[in-house]
Amino acid sequence: MTVRTRFAPSPTGYLHIGGVRTALFNWLFARKHGGQFILRIDDTDQQRNVAEALAPILSGFRWLGIDWDEGAEVGGPHGPYYQSQKSARYQDAVRQLIDKGLAYHDFATPEELKAERESAEKEKRSYLYSRKWLAETPADRARFEAEGRKSTVRLKMPRAGTCRFHDHIRGDMAIDWVSEQDHVIQRADGSCLYNLANVVDDFDMKITHVIRAEEHLSNTARQIFIAQGLGYPLPEYAHVPFVAEPGSKNKLSKRKIAQYLKNQDFKKIYEHGQNIAAVLGLTTSADTFNPVIVDFFEQVGYLPHAIVNYLLLLGWSLDDKTEFFTREEMIKSFSLERVNKAPASYDPSKLWAFQDHHMRALPLADKVERCLPFMHKAGHAADAAKVELIIRAAGDRIKVAGDILDYADFFAPDHALKYDEKAFDKRLRKAPESVRLLTAYKDRLAGIEPFDAAKLEKSVQDFVAAEGTKLEQIIHALRVAVTGKAVGFGLYEALAIVGKQGCVKRIEVALAKIGN
RNA sequence: GGCCCCGUCGUCUAGUGGCCUAGGACACGGCCCUUUCAAGGCCGCGACACGGGUUCGAAUCCCGUCGGGGUCACCA
């Protein structure tokens with residue numbers, strides 16, 4: 001039997017990092033065993049704009065390279081892959097359960113239910129529905145309907161015995177049936193609920209391994225009850241611990257971004273991304289553009305493989321030392337048995353370290369290919385050749401593709417370079433000796449041929465020796481004058497990239513600016 | 001609160017009775033290098049939740065305690 005796994009997002013409008021990890025484990029498991037990975041959509045018929053809310057999720061998976069064999073947009077032989085298109089199928093399943101006496105119409109009103117629950121709570125007794133408005137015969141139904149009541153359909157759960165199943169991550173599980181409620185599987189309006197739909201879908205799609213987040217552990221017994229009632233074979237289960245917040249064991253939530261921003265590591269990654277987004281003119285808000293949402297990383301220029309590699313190690317490990325994996329190695333090495341049982345905290349600074357590593361390893365041509373579009377998006381008429389020079393000079397300072405924007409000034413018009421005023425003050429305005437040297441040195445630029453880093457370095461050193469001064473006296477002034485900034489990569493590389501004419505012009509502009 | 005799950009450095013983890021005076025990685029601190037920044041080199045800080053057993057020997061097995069979390073919908 002070929003392995004079939006699935007991930008079933010509901011269309012929420014964004015792809016959450018925790019969801020990606022669960023999907024990744026499913027994908028990896030399927031790929032490892034030569035099986036199929038299915039992307040099914042858990043929408044409900046009430047939701048609107050499903051297509052719109054789904055688009056970022058699908059594009060996120062595509063960007064990450066997590067591809068699916070069947071499901072949304074690609075179709076397949078076991079569709080439909082959207083819950084909203086399967087109402088009749090679910091209702092049919094509900095009917096079967098009723099016929100077998102495993103489910104019943106229930107005419108209780110929400111108020112009556114609430115009252116029962118509250119009184120149970122008051123008496124400190126664990127709540128179990130009284131089945132007071134249960135209707136298994138046509139006569140009962142007619143009687144309740146005459147009262148004007150509407151019915152839901154509930155599971156008639158066993159009230160004795162134990163449900164046992166094996167979990168690939170947790171081991172042998174045992175849940176007492178009494179602890180299970182008579183869960184509603186069909187609403188009063190006829191639509192069906194998650195637990196029912198889920199089991200039917202998994203069967204229809206021939207899912208062999210249900211790999212999902214641990215919050216579904218408590219759904220498992222009732223789903224087994226449904227599956228057995230319907231005569232379906234049981235899938236194998238693996239409940240993955242959830243991804244926790246940075247520095248805590250609470251479940252990571254996109255609704256608590258403001259709180260995470262108090263975490264220094266999270267804040268650093270967030271602000272770095274926001275800065276890039278600002279340069280690109282993206283309209284962003286903390287709610288939708290932050291390091292919990294995959295789109296953030298894509299927009300800022302992270303490497304999808306770095307994200308995947310990080311997520312792989314969040315709750316899973318191969319051994320005590322292997323950290324970096326290619327796609328093939330991941331697929332080959334992955335196993336459910338080595339997934340940890342305890343939740344793992346999301347650590348943005350570790351993700352950053354993976355990004356750093358993979359970015360360093362990226363061939364120059366690939367870096368250019370990734371960085372160039374960022375220059376264009378920011379409105380600079382950058383050419384690949386010059387961007388390549390910049391990337392070569394910047395080296396590992398470029399951590400994400402969007403960092404190329406730190407060097408956008410190389411494309412600024414020489415007469416309109418923006419200066420870091422603080423650096424300008426310190427290195428030029430308040431440094432008359434540096435200004436004198438800079439003025440004198442400017443005239444030497446004309447004679448430098450070729451105008452490359454090596455010649456420039458020699459030129460500056462000769463000049464300093466001739467003047468009997470120190471390197472520091474001119475170097476900082478030169479950097480600020482030509483690049484506008486106090487920091488950057490090697491000074492001589494920077495000068496070479498700006499070019500002879502550019503350097504002369506920029507120095508002139510800077511000198512003229514000093515008096516102002 | 002009921003039910004369930006989990007518990008090794010700040011974080012991710014290795015560890016399945018002796019290889020552990022607990023290893024690696026990230027982060028952090030210090031020093032060196034240095035024209036700035038980044039990088040690099042070296043050094044360092046830092047954990048078996050606690051208490052009882054079992055055993056010659058326990059991070060590893062058992063019991064209890066404590067702590068953290070998940071879940072208890074006509075959500076998924």
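Lettering of chains follows the sequences in order, A, B, ..., and the numbering in each one begins at 1.
Nucleotides B:rG44 and B:rC9 have their C1' atoms positioned 14 Å apart, rounded to a whole Å. For the P atom pair drawn from B:rC5 and B:rG41, the interatomic distance equals 46 Å after rounding to whole Å. Taking the P atom of each, B:rG7 and B:rC31 are spaced 40 Å apart, rounded to whole Å. Across the P atoms, B:rA39 and B:rC26 are found 12 Å apart, a figure rounded to whole Å.
Nearest to the side chain of A:Met173, among B:rG40, B:rC5, B:rC74, sits B:rC5. Comparing B:rA14, B:rC12, B:rA76 against the side chain of A:Ser345 picks out B:rC12 as the nearest. Of the candidates B:rA39, B:rC26, B:rC12, the closest approach to any side-chain atom of A:Asp396 belongs to B:rA39. Counting only heavy atoms from C-beta on, A:Arg360 has its side chain closest to B:rA39 among B:rA39, B:rU11, B:rC3. Of the listed nucleotides (B:rA76, B:rU36, B:rC6), B:rA76 has the atom at the smallest distance from the side chain of A:Tyr194. Counting only heavy atoms from C-beta on, A:Ser349 has its side chain closest to B:rA27 among B:rA39, B:rC3, B:rA27.
When the side-chain nitrogen and oxygen atoms of A:Ser317 are compared with OP1 and OP2 of B:rA14, one or more of them lie within a distance under 4.0 Å. A sub-4.0 Å separation between OP1 or OP2 of B:rG1 and a side-chain N or O of A:Ser126 is absent. In this model, the phosphate group of B:rU13 is not approached by any side-chain N or O of A:Arg338 to a distance below 4.0 Å at OP1 or OP2. Distances shorter than 4.0 Å separate some side-chain N or O of A:Asn340 from OP1 or OP2 on B:rA14.
Nucleotide B:rG67 has B:rC6 as its partner under the Watson-Crick or G-U criteria, with both atom distances under 3.5 Å. Under the Watson-Crick or G-U wobble criterion, with both distances below 3.5 Å, B:rU21 is left unpaired in every strand shown. Taking a pair to require two hydrogen-bonding distances under 3.5 Å in either a Watson-Crick or a G-U wobble arrangement, B:rG1 pairs with B:rC72.
Atoms CZ (A:Phe325) and P (B:rC12) sit 17 Å apart, rounded to a whole Å.
Within 3.5 Å, a donor on the side chain of A:Lys350 pairs with an acceptor on the base of B:rA25, or the reverse. With hydrogens and angles ignored, a donor-acceptor pair under 3.5 angstrom links the side chain of A:Arg397 to the base of B:rC37.
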Subject >> Trace of the side-chain contact (heavy atoms from CB on, under 4.5 Å) decision for A:Ile390 with A:Phe489 >> reply: CA-CA 9 Å; A:Ile390 294 169; A:Phe489 46 70; 4.1 Å; yes
Subject >> salt bridge (Lys or Arg N to Asp or Glu O under 4.0 Å) between A:Lys470 and A:Glu433, intermediate numbers included >> reply: CA-CA 11 Å; A:Lys470 286 184 176 173; A:Glu433 174 60 8; over 6 Å; no
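Two residues are said to be in side-chain contact when any heavy atoms from C-beta on lie closer than 4.5 Å; A:Ile307 and A:Ile17 meet this criterion. Side-chain atoms of A:Leu351 and A:Tyr302, non-hydrogen and from C-beta on, do get closer than 4.5 Å to each other.
The residue among A:Val487 and A:Gly247 whose nearest nucleotide of RNA chain B is located toward the 5' end is A:Gly247. Residue order along RNA chain B, read from the 5' end via each residue's closest nucleotide, puts A:Arg170 first among A:Ser248 and A:Arg170.
Salt bridge A:Glu136/A:Lys156: present, at least one basic N to carboxylate O contact under 4.0 Å.
A cation-pi arrangement is not found for A:Arg149 relative to A:Phe107, the charged atom failing to lie both closer than 6.0 Å to the ring centre and inside a 45° cone about the ring normal. For the pair A:Arg429 and A:Phe424, the cation-pi criterion (under 6.0 Å, within 45° of the ring axis) is not fulfilled.
Considering every non-hydrogen atom in both A:Pro241 and A:Ala342, the closest pair reads CG-O, 3.5 Å.
A:Ala486 comes within 4.0 angstrom of a nucleotide base, judged by non-hydrogen atoms across all strands.
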**OP:** Do nucleotides 60-73 of chain B as a string where each nucleotide becomes B, S or -: B if the base has a protein heavy atom under 4.0 Å, S if just the sugar-phosphate does, - if no protein is that close.
**Re:** --------SSSS-S
